Protein chains: 2
Amino acid sequence: MKLSKNNYGTENCYLSNSCLKEWLPAIEVNKKIYEVKKGEVIFEEGDLVEGMYFVYEGNIKVHKKWGDKELILRIASDESILGHRGLSTTNNKYPISATALEDAVICYISMDFFNSTLKVNPGFSYKILMFFADELQESERKMRNIAHMSVKGRLSRSLLFFKDQFGVHEDGTLKIKLSKQDISSYIGATYETLFRIMNELIEDKAISVTKRAIVILNPDKLLEFSKKEE
Amino acid sequence: MKLSKNNYGTENCYLSNSCLKEWLPAIEVNKKIYEVKKGEVIFEEGDLVEGMYFVYEGNIKVHKKWGDKELILRIASDESILGHRGLSTTNNKYPISATALEDAVICYISMDFFNSTLKVNPGFSYKILMFFADELQESERKMRNIAHMSVKGRLSRSLLFFKDQFGVHEDGTLKIKLSKQDISSYIGATYETLFRIMNELIEDKAISVTKRAIVILNPDKLLEFSKKEE
DNA sequence: CGTGCGCTTGAATGAGCTCAATGCCGGTGG
DNA sequence: CCACCGGCATTGAGCTCATTCAAGCGCACG
């Protein structure tokens, strides 16, 4: 189970493996495997929802557009469900887009099959429900952060989250590879603002950057900046 | 079914009645009815989640605090589910608070009972799942709005939503009674800002206010202000 | 008749955005 | 091998929207 819980709040973007690992291999006929290239769009806002995806490998950003701006809502990675935001009783169009941040492997299951599994398998259904509940909690925490926290606070928090969620290499750099563009969209700020605030964090010796890779030097300091949280 | 769909996006804070109406009356033993007074706190952030609520009558605000500020996430009204945000595999504390906006009647069901119903009743479970999916969509739309829209846009959009969701009296005033404080918390702005922007809308002849009651005069104008949406 | 709370308004401040200019680096084709 | 190009990084300046602080006002209520 890849769940994270710590003193700056719980962020859980994974459907617990115990659920997927049991379920996915059991499907033979109804799943399709796709390889997608970095930057490739898996689906877009407005596309018809016809199935559900699971990520086998790689990171996929889930984002929402507003004119020429975007907001990244979530980063789906290994063994995570994707496209569940298309579920709805009132609308069968995706409210969001999904784009590969790097080369990735995903698995596709038709909505019919997914739905019928939901209906006949209460255990699975329950797991998915809990997943949604966790996603909703996270979404609302993030909303409050955007509404009330400073960019510095949001960035600090997100960096801690990235470290926690995706881990670090031996040299201390974050495993997740995000462009500054993406980070700024993730925290809901402009590119330039992100840049300046990131410099502040470097001056504060909270992080360092070499060759576009970010190292968390002082988590406590980041935590400090994202205080009042919970 | 109280669902709304229109050209400024779907906002659905209701669990479709077809689900609740069938389910709730069937419970005899396990539910308790409470009457709550205006301003009464039903549960707070950090409280232990021990059950699930449904609203029979009245409006309840679901909100999240950040220091001395708050953000209203949702307004639960007649026949709506409440407290489902407490569902989680990783945490059994409420991430949000619920406070009655007016005198209300709510129904309480123990979590054990709710959970076992979920597990044995796939139809119910599926409905709840769809409800969560809709809530998640709405949450993320709202997040993007807070991230990218102006206060005027957010206010315009929220007013249209209130009209759509709660309806209007014969004299044109919104049925939902919200203090300016609450509206500002709902749109994620300060009281003073809300005040000024509301005056702008009045000058624009988009709304009018008499005795603290709001009248939507020109929905098209409000729609205009909340453009770029979807 | 005070006291307090919510409403109203002004002024100052500031965080973050926009726009624009420049620098840097890696790829690419001549 | 070099010149050029395009895209990203970097930085400054100015501005705008919204917040903050502060101060009066009106009304309900004990």
Side-chain angles (χ1 to χ4, degrees), chain A residues 38-39 61 65-71 99 101-102 143-158 177-204 207-214 225-228, chain B residues 37-39 61 65-72 99 101-102 143-158 177-204 207-214 225-228:
Chain A
K38 176 175 178 173
K61 72 174 173 182
K65 292 173 186 134
W66 170 263
D68 57 350
K69 291 172 188 163
E70 70 159 6
L71 182 67
T99 307
L101 287 171
E102 54 205 66
M143 175 152 52
R144 185 210 40 195
N145 292 348
I146 289 181
H148 291 319
M149 278 176 70
S150 67
V151 170
K152 193 165 187 176
R154 300 204 300 271
L155 176 57
S156 301
R157 188 173 192 289
S158 297
K177 232 190 134 194
L178 286 169
S179 70
K180 282 209 177 69
Q181 275 298 351
D182 283 330
I183 298 179
S184 65
S185 295
Y186 188 85
I187 64 173
T190 58
Y191 182 89
E192 293 93 328
T193 301
L194 170 79
F195 182 83
R196 290 175 230 262
I197 302 294
M198 221 154 152
N199 280 344
E200 281 187 32
L201 289 184
I202 293 170
E203 279 174 33
D204 293 336
I207 63 170
S208 71
V209 178
T210 36
K211 292 180 182 237
R212 295 186 196 176
I214 299 174
F225 293 138
S226 53
K227 261 296 160 51
K228 240 195 278 187
Chain B
K37 290 276 169 213
K38 176 175 176 171
K61 70 174 173 182
K65 291 172 188 135
W66 169 261
D68 57 350
K69 290 172 188 163
E70 69 158 6
L71 181 68
I72 296 181
T99 307
L101 287 171
E102 54 204 67
M143 176 153 49
R144 185 210 42 193
N145 291 349
I146 290 181
H148 291 320
M149 279 175 71
S150 68
V151 171
K152 193 165 185 176
R154 300 202 303 269
L155 176 57
S156 299
R157 189 172 193 288
S158 296
K177 233 190 133 193
L178 286 171
S179 70
K180 283 212 176 67
Q181 273 299 351
D182 283 330
I183 298 178
S184 64
S185 296
Y186 188 85
I187 64 174
T190 58
Y191 184 90
E192 292 93 328
T193 301
L194 169 79
F195 183 83
R196 290 176 232 262
I197 302 294
M198 221 154 155
N199 280 345
E200 279 186 34
L201 289 185
I202 293 170
E203 278 175 35
D204 293 336
I207 63 169
S208 71
V209 178
T210 36
K211 290 180 183 237
R212 297 188 193 174
I214 299 173
F225 294 138
S226 53
K227 261 296 159 53
K228 237 193 284 186

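Here is the naming used below: chain letters follow the sequence lines, and residue numbers restart at 1 for every chain. Both backbone and side-chain heavy atoms feed into the values below; hydrogens, waters and symmetry mates do not. This structure is a prediction, so every number in the text was calculated from the model and none was measured.
Expressed to the nearest 0.5 Å, how far NZ of B:K69 lies from OG of B:S184 amounts to 11.5 Å.
What separates CD of A:E203 from C1' of D:dT10 is a distance of 14 Å, to the nearest Å. B:L155 has its CG atom 16 Å from the P atom of D:dC17, to the nearest Å. When rounded to the nearest whole Å, the span between CD of B:Q181 and P of D:dT19 equals 12 Å. Across the protein-nucleic acid pair, A:Y191 atom OH and D:dG7 atom C1' stand 10 Å apart, rounded to whole Å. The NE2-C1' distance, from A:H148 to D:dT20, rounds to 15 Å in whole Å. For the pair A:L194 CG and D:dT11 P, the computed distance is 14 Å after rounding to whole Å. What separates CE of A:M198 from C1' of D:dC8 is a distance of 14 Å, to the nearest Å. Atom-to-atom, CD of B:E200 to C1' of D:dT16 comes out at 13 Å; the value is rounded to the nearest Å.
Every residue two or more places apart in sequence or in another chain was checked for a side-chain hydrogen bond (donor to acceptor under 3.5 Å, both in side chains) with B:Q181, and none qualifies. Residues satisfying the side-chain hydrogen bond (donor to acceptor under 3.5 Å, both in side chains) test with B:D204, not counting sequence neighbours, are B:K152.
Between D:dA9, D:dA18, D:dT20, one nucleotide has an atom nearer to the side chain of A:F195 than all others, and that is D:dA9.
Each salt bridge (Lys or Arg N to Asp or Glu O under 4.0 Å) pair with one or both residues in residues 178-190 of chain A, not counting sequence neighbours, appears once here: A:K61-A:D182.
Scanning all heavy atoms of the two residues, the minimum distance from B:L71 to A:R144 falls at CD2-CA, 3.6 Å. Of all non-hydrogen atoms in A:S226 and B:W66, the two that sit nearest each other are O-CH2, 4.3 Å.
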- Task: Going 5' to 3' through nucleotides 21-30 of chain D, assign each nucleotide B (protein heavy atom under 4.0 Å from a base atom), S (under 4.0 Å only from sugar-phosphate atoms) or - (no protein heavy atom that close).
- Result: BB--------
- Task: Kindly express the pairing pattern of DNA chain D in dot-bracket notation, using | wherever a base pairs with another strand and counting only Watson-Crick or G-U pairs under 3.5 Å.
- Result: ||||||||||||||||||||||||||||||
- Message: Would B:I197 and B:E200 count as a side-chain contact (heavy atoms from CB on, under 4.5 Å) here? Give the steps.
- Response: CA-CA 5 Å; B:I197 302 294; B:E200 279 186 34; 3.9 Å; yes
- Message: Between A:V151 and A:I187, does the side-chain contact (heavy atoms from CB on, under 4.5 Å) criterion hold? Intermediate values first, please.
- Response: CA-CA 7 Å; A:V151 170; A:I187 64 173; 3.9 Å; yes
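A heavy-atom distance below 4.5 Å is not found between the side chains of A:I214 and A:L178. Using a 4.5 Å cut-off on side-chain heavy atoms (C-beta onward), B:S156 and B:L201 make contact. Taking 4.5 Å as the limit, some side-chain heavy atom of B:I146 sits within range of a side-chain heavy atom of B:R154.
Residue-level contact check: A:S179 touches neither bases nor backbone, having no heavy atom under 4.0 Å from any strand.
Protein chain B contacts DNA chain C from C:dC7 to C:dA11, reading 5' to 3' and using non-hydrogen atoms of the protein with a distance under 4.0 Å.
When the side-chain nitrogen and oxygen atoms of A:N199 are compared with OP1 and OP2 of D:dA9, none of them lie within a distance under 4.0 Å.
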